[in-house]
Amino acid sequence: MSDPPPTTGLHHVTNICTDMEATVSFYEETLGWHTVKRTQNYDDPGTPHYYFSSTPSGEPGTTVTYFEYPNSQGAPGPGASHHFAFGVADEETLREWQTYLRDRDVNVSEIKDRTYFKSIYFSDPDGLVFELATQGPGFTQDEAEPGSELIDPFEAGYEN
């Protein structure tokens, strides 16, 4: 076989938290998401494993899961995630989220122009960085075929 088999895209992201109750509160009460499954870590029986989704049934691509390991501390670097992002339709929705989160005392960044999308950043109770990003303008913003050129955003004069 010369080509890899196809994938359907991102299915879910799994993270580690120190306090599942605080994580449930963050996803359900702050983000308005749904707890779609409560189980155990199949690889570490007895460790809670909760699934959160922006949809009530938790379709693939909408789900973030957590293992609870109290008294643990992660270290950013190779092998760790820097952040993860979920999409919003447009800048108006992004601004609504920014206001909504600030009204709930969540520390949210200013809107960042990333050339290909605009986004805001905030953290979950354990400090994992979460991003909300607009759908557009898209990766063809500065090249007709995405990935065909090496783009230096600083040389190109992109803002932030």
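Counting from 1, the numbers follow the sequence of the chain as shown. Values below: every heavy atom of this structure, side chains too, minus hydrogens, waters and symmetry copies.
- Remark: Arg102 engages Glu110 in a salt bridge (charged side-chain N to carboxylate O under 4.0 Å, His left out) (not counting sequence neighbours).
- Tracing side-chain contacts under 4.5 Å through hydrophobic residues (I, L, V, M, F, W, Y), one never reaches Val24 starting from Phe67; they form parts of separate clusters.
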Passes ring pair (Phe, Tyr, Trp, His ring centres under 6.0 Å), Phe86 versus Trp33? Steps please.
CA-CA 12 Å; Phe86 277 84; Trp33 284 29; 5.0 Å; yes
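- Not a single donor-acceptor pair under 3.5 Å links the side chain of Ser148 to the backbone N or O of Ala144.
- Expressed to the nearest 0.5 Å, how far CZ of Arg38 lies from NE2 of His49 amounts to 14.0 Å.
- A donor-acceptor pair is defined here as one N or O able to donate and one able to accept, closer than 3.5 Å; such a pair exists between the side chain of Thr23 and the backbone of Asp19.
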Residue pair Thr47, Gln40: steps toward the side chain to side chain donor-acceptor pair (under 3.5 Å) verdict
CA-CA 5 Å; Thr47 298; Gln40 297 180 50; over 6 Å; no
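- At distances below 3.5 Å, at least one donor-acceptor pair connects side-chain atoms of Glu68 with backbone N or O atoms of Met20.
- Under a 3.5 Å cut-off, the side chain of Gln141 and the backbone N or O of Thr115 do not form any donor-acceptor pair.
- Taking CZ of Arg114 as the start and OG1 of Thr134 as the end, the distance is 11.5 Å to the nearest 0.5 Å.
- In terms of heavy atoms, Pro48 sits closest to Gly46 at CD-O, 3.5 Å.
- Val108 and Val129 are assigned to two separate hydrophobic clusters, defined by single-linkage of ILVMFWY side chains at heavy-atom distances under 4.5 Å.
- For Glu59, there are no salt bridge (charged side-chain N to carboxylate O under 4.0 Å, His left out) partners, not counting sequence neighbours.
- Here the side chains of Trp97 and Phe122 are not in contact, with every heavy-atom distance at 4.5 Å or above.
- For residues 116-135, the salt bridge (charged side-chain N to carboxylate O under 4.0 Å, His left out) pairs, not counting sequence neighbours, are Glu91-Lys118.
- Hydrophobic clustering keeps Tyr121 apart from Leu128 (ILVMFWY residues linked when any side-chain heavy atoms are closer than 4.5 Å, directly or through intermediates).
- More than 12 heavy-atom neighbours from other residues, nucleotides or ligands sit within 6.0 angstrom of OH on Tyr100.
- The same ILVMFWY cluster, assembled from side-chain heavy atoms under 4.5 Å apart, contains both Tyr158 and Phe117.
- Of all non-hydrogen atoms in Val36 and Ser53, the two that sit nearest each other are CG1-CB, 4.0 Å.
- Looking at every heavy atom in both residues, Ala22 comes nearest to Pro125 through O-CG, 3.7 Å.
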Quick one: side chains of residues 69-77, donor-acceptor pairs under 3.5 Å with protein atoms, not counting sequence neighbours, listed by atom name and distance.
{"from": "Tyr69", "atom 1": "OH", "to": "Asn41", "atom 2": "ND2", "distance (Å)": "3.4"}
{"from": "Tyr69", "atom 1": "OH", "to": "Asp44", "atom 2": "OD2", "distance (Å)": "2.8"}
{"from": "Ser72", "atom 1": "OG", "to": "Tyr69", "atom 2": "O", "distance (Å)": "2.6"}

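- With Leu10 as the fixed residue, the side-chain contact (heavy atoms from CB on, under 4.5 Å) test singles out one of Val13, Thr8, Thr7: Val13.
- For the side-chain contact (heavy atoms from CB on, under 4.5 Å) with Ser54, the lone residue among Thr63, Thr62, Val64, Leu31 that qualifies is Thr62.
- With hydrophobic clusters built from ILVMFWY side chains whose heavy atoms lie under 4.5 angstrom apart, Leu101 shares a cluster with Phe52.
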Working note: His83 + Phe130, criterion ring pair (Phe, Tyr, Trp, His ring centres under 6.0 Å); need CA distance, chi angles, decisive distance, verdict.
CA-CA 6 Å; His83 73 275; Phe130 197 113; 9.7 Å; no
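- More than 12 heavy atoms of other residues, nucleotides or ligands lie within 6.0 Å of CG in Asp103, so this atom counts as buried by the packing criterion.
- Residue pairs meeting the salt bridge (charged side-chain N to carboxylate O under 4.0 Å, His left out) criterion with at least one member in residues 137-153, sequence neighbours excluded, do not occur.
- In this structure the side chain of Thr140 reaches within 4.5 angstrom of the side chain of Pro146, judged on heavy atoms.
- Residues Tyr50 and Tyr27 have side chains that never bring a donor and an acceptor to within less than 3.5 angstrom of each other.
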Yes or no on side chain to side chain contact (heavy atoms under 4.5 Å, CB included) for Ile111 and Arg95, after CA distance, side-chain angles and deciding distance?
CA-CA 8 Å; Ile111 293 177; Arg95 289 186 189 286; 3.4 Å; yes
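- Remark: side-chain polar atoms of Gln98 are paired, donor with acceptor, to backbone N or O of Ser109 under 3.5 angstrom.
- Evaluation of the ring pair (Phe, Tyr, Trp, His ring centres under 6.0 Å) rule for Phe26 yields no partner, not counting sequence neighbours.
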I would like to know whether Phe84 and Asn15 meet side chain to side chain contact (heavy atoms under 4.5 Å, CB included); could you show each step before the answer?
CA-CA 10 Å; Phe84 63 100; Asn15 304 301; 3.7 Å; yes
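- Atoms OG1 and CD, from Thr93 and Gln135 in turn, are 10.0 Å apart once rounded to the nearest 0.5 Å.
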